[in-house]
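This report refers to the structure that appears directly beneath it.
Chain A is the first sequence line, chain B the second, and so forth, proteins listed ahead of strands; every chain is numbered from 1.
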Amino acid sequence: MKIQRIRGVKDILPNEIWKWQYIESVAHKIFPRYGFNEIRLPIFEDTRLFSRSIGDTTDIVEKEMYTFKDRGGDSITLRPEGTASVVRAYIENKMYNPPSVLKMFYMGPMFRYERPQAGRLRQFNQVGVEAMGSPGPIVDVEIMTMVMEFLKELGLADIKLEINSLGSQECRPQYRELLKTEIEKHIDQLCDNCTARYQRNPLRVLDCKAKECGNVAEGLPKLIDHLDPASAEHFAEVRSLLDSIGTPYSVNPKLVRGLDYYNRTAFEVTSQNLGSQNAICGGGRYDTLVEELEGPSTPCFGFALGLERLVSLIPFNESSDLQKHPDVYIVCLGEEAKSMAFEIAHQLRAKGLSVERDYEMASMKSQMRKANKFQSRFTLIIGENEIRSGKLILKNMDSGEQKECTTEELVSEISEPEVDTQ
RNA sequence: GUGAGCGUAGCUCAGCUGGUAGAGCACUCGGUUGUGGUCCGAGCGGUCGCGGGUUCAAAUCCCGUCGUUCACCCCA
């Protein structure tokens with residue numbers, strides 16, 4: 001049987017890699033403006049890192065992790081998300097006492113064993129951002145603003161920023177109990193799923209998509225009405241800061257994040273053009289995770305953004321300059337020309353030009369067709385006549401004009417006068 | 001883990017109620033001596049996912065299996 005790729009993974013082929021490189025370049029342009037530097041971390045970790053940070057009873061840890069024993073018998077897990085690794089690295093490398101808030105971003109593959117569907121893969125790429133060391137709402141707002149700016153720079157339209165507050169470790173348990181008792185009053189009106197899970201995770205009833213639960217949820221108490229005073233104030237400041245710089249958002253009291261470590265501000269960026277998995281970015285504040293992993297008390301804020309989903313949303317122009325084409329395609333006729341083409345290609349590449357050529361001895365028509373398919377800006381024609389006269393023919397493939405020039409003149413003829421934009 | 005749809009040339013698909021496969025695009029080569037993109041012509045290309053069953057005969061019906069897509073769940 002032919003070996004094929006693992007279920008739920010994707011090959012990113014050379015003809016679309018420019019899209020990814022473009023996104024990466026925009027990240028490297030925007031994030032440093034806010035003081036974020038890249039960090040590169042292992043894609044596998046000690047399994048306990050994830051069970052302790054993400055939460056033992058979350059779906060991710062219960063049934064979605066790629067966990068295996070390595071040859072030494074240690075339990076290893078392919079990272080299902082990036083924050084845990086960043087926090088581990090922060091503690092392990094004692095990156096305490098930065099001059100200001102410690103700000104980092106990362107990009108790379110994450111792994112979750114789920115049934116693949118539109119916008120959901122088993123290996124997928126995220127770009128994530130973490131700011132460590134400030135409890136204040138300014139960080140929350142700066143980062144949410146940065147995401148929106150990043151997405152705007154990439155040309156996304158029709159995206160929404162939704163925010164909520166998940167409260168604190170103090171008020172949330174109280175609210176959960178209140179919610180449970182309220183839900184019990186309507187227990188017969190819930191969908192089967194929620195009937196089964198409301199005891200364990202009552203917050204999930206709030207954003208259940210089933211109509212019957214939606215009706216019940218309308219009448220249930222909202223967490224943002226039951227925040228402890230400090231969290232309520234924090235949330236009010238977040239909203240007022242967002243307002244002050246005119247970042248559009250909406251409060252979604254039903255927004256619940258799936259990872260246990262979040263508290264206070266939680267947010268999502270969604271798009272209606274993604275299919276059923278409509279979140280492109282999700283994140284929030286996690287003030288106690290560092291402590292839970294045995295580091296010093298360090299309040300943090302971060303998010304993760306799905307790159308596959310992002311790629312599918314960006315309105316790429318297929319004829320964009322981002323796609324790389326050769327500066328020149330060399331057409332050669334005859335053995336002598338073939339060896340001359342070899343030398344000239346070498347010289348032009350050494351001067352920084354990208355050169356494509358015919359490697360066989362195809363007919364001229366065939367070679368010209370290939371030059372066209374490569375969308376090269378110029379075609380350099382070398383035949384017996386050109387070798388005899390020492391003047392090569394350089395053809396501009398847009399205008400169709402061609403002129404004779406010596407090998408010395410080639411570089412200046414081909415080089416573009418315009419300056420790089422990036 | 002649950003449910004539904006789909007698996008025919010490199011790609012997108014047609015092939016009604018069974019009679020040993022087609023189109024468009026792509027690719028290759030041509031349209032007279034060394035010039036692309038448009039146009040015209042020719043050509044290459046398929047164990048019809050795999051296995052079994054029914055039948056004189058199956059891409060077409062039945063069963064199984066694998067893959068895939070979408071949805072639930074959950075999330076990026």
* Structure fact -> Per nearest nucleotide of RNA chain B, the residue lying toward the 5' end, A/Gly8 or A/Glu81, is A/Gly8
Could you go through residues 106-113 of chain A and list every donor-acceptor pair under 3.5 Å that involves a side-chain atom there, pairing it with any protein atom two or more places apart or in another chain?
residue, atom, partner, partner atom, Å
A/Tyr106, OH, A/Glu130, OE2, 3.4
A/Arg112, NH1, A/Pro80, O, 2.6

* So, A/Asp140 and A/Arg285, do they make that salt bridge, N to O below 4.0 Å? -> yes
* **Between B/G22 and B/C48 - C1' atom distance, rounded Å** => 12 Å
* **Watson-Crick or G-U counterpart of B/A23, or none if no pair lies under 3.5 Å** => B/U12
* Asked: B/U69 P sits how many Å from A/Leu274 CG, rounded?
  -> 16 Å
* Asked: Is the base of B/C75 touched by the side chain of A/Gln117 through a donor-acceptor pair closer than 3.5 angstrom?
  -> no
* Could you give the distance separating B/A26 and B/C13 at their C1' atoms, to the nearest angstrom? => 14 Å
* Asked: What is the per-nucleotide protein-contact pattern of nucleotides 33-42 of chain B, from the 5' end, where B denotes a base atom under 4.0 Å from a protein heavy atom, S denotes such proximity for sugar-phosphate atoms only, and - denotes neither?
  -> -BBBB-----
* To do: Not counting sequence neighbours, which residues clear side-chain hydrogen bond (donor to acceptor under 3.5 Å, both in side chains) with A/Asn263? List them please.
  => A/Asp287
* Examine B/C72: is either OP1 or OP2 under 4.0 Å from a nitrogen or oxygen in the side chain of A/Ser276? Give yes or no. => yes
* To do: Quickly work out the A/Leu259 CG to B/C75 P distance and round it to whole Å.
  => 7 Å
* Asked: So what's B/A71 paired with, Watson-Crick or G-U wobble, going by both distances under 3.5 Å?
  -> B/U2
Interface polar pairs with nucleotides 1-10 of chain B, N/O, under 3.5 angstrom:
residue, atom, partner, partner atom, Å
B/U2, O4, A/Arg115, NE, 3.4
B/U2, O4, A/Arg115, NH1, 3.1
B/U2, O4, A/Arg115, NH2, 3.1
B/G3, O6, A/Arg115, NH2, 3.3

* Rounding to a whole Å, what distance do you find between A/Glu64:CD and B/C72:C1'? -> 14 Å
* Structure fact -> The residue, A/Tyr262 or A/Pro116, whose nearest nucleotide of RNA chain B is more 5′ is A/Pro116
* Asked: Distance between the C1' atoms of B/A4 and B/G18, in whole angstroms?
  -> 27 Å
* What is the distance from CZ of A/Arg7 to C1' of B/G67, rounded to the nearest Å? -> 8 Å
* Do any pairs count as a salt bridge (Lys or Arg N to Asp or Glu O under 4.0 Å) and have a residue in residues 358-370 of chain A, sequence neighbours left out, and if so which ones? -> A/Asp358-A/Lys370
* Would you mind pulling out the nucleotide paired to B/U35, Watson-Crick or G-U wobble, both distances under 3.5 Å? => none
* Asked: Which value, in whole Å, describes the distance between the C1' atoms of nucleotides B/G19 and B/U55?
  -> 12 Å
* Structure fact -> Answer for the Watson-Crick or wobble partner of B/C29, both distances under 3.5 Å, is B/G41
* With rounding to whole Å, what would you report as the distance between B/U65 and B/A23 at their C1' atoms? -> 32 Å
* To do: Answer yes or no: is there an ion pair linking A/Glu16 with A/Lys19, defined by an N-O contact shorter than 4.0 Å?
  => no
* Asked: Cut-off 3.5 Å, side chains only: do A/Tyr90 and A/Thr298 have a donor facing an acceptor?
  -> yes
* Asked: Taking atom C1' in both B/A14 and B/U33, what distance in whole Å separates the two?
  -> 45 Å
* Structure fact -> A/Met361 CE to B/C29 C1', in whole Å, measures 17 Å
* Asked: Please give, in whole Å, the distance from B/A76 P to A/Ile60 CD1?
  -> 6 Å
* To do: Record whether the side chain of A/Arg309 comes under 3.5 Å of the base of B/C75 through a donor-acceptor pair of N or O atoms.
  => yes
* Write out all pairs satisfying ring-ring contact (aromatic ring centres under 6.0 Å, His included) with one or both partners inside residues 124-158 of chain A, taking only residues at least two apart or from two chains. => A/Phe31-A/Phe150
* Structure fact -> B/C61 -> Watson-Crick or G-U wobble partner, both distances under 3.5 Å, gives B/G53
* To do: Determine the contact category for A/Thr58: base if any of its heavy atoms lies under 4.0 Å from a base atom, sugar-phosphate if only primed atoms, P, OP1 or OP2 are that close, otherwise nothing.
  => nothing
* Write down the distance separating the P atoms in B/A76 and B/C61, rounded off to the nearest Å. => 43 Å
* To do: Output every pair passing salt bridge (Lys or Arg N to Asp or Glu O under 4.0 Å) with a member in residues 383-397 of chain A, not counting sequence neighbours, ordered by first then second residue.
  => none
* Structure fact -> Rounded to whole Å, the CG-C1' distance (A/Leu121 to B/U68) equals 13 Å
* **A/Glu114/A/Lys63 salt bridge by N-O under 4.0 Å criterion** => no
Pairs under 3.5 angstrom only: tabulate donor-acceptor contacts from the side chains of residues 34-41 of chain A to other protein residues two or more places apart or in another chain.
residue, atom, partner, partner atom, Å
A/Tyr34, OH, A/Glu149, OE1, 2.5
A/Glu38, OE2, A/Arg40, NE, 3.1

* Asked: When you compare B/C44 with B/A59, how far apart are their C1' atoms, in angstrom units rounded to a whole number?
  -> 23 Å
* Can you tell me how far C1' of B/U68 sits from NZ of A/Lys10, to the nearest Å? -> 14 Å
* **ring-ring contact (aromatic ring centres under 6.0 Å, His included): pairs with one or both residues in residues 336-388 of chain A, sequence neighbours excluded** => A/Tyr329-A/Phe374
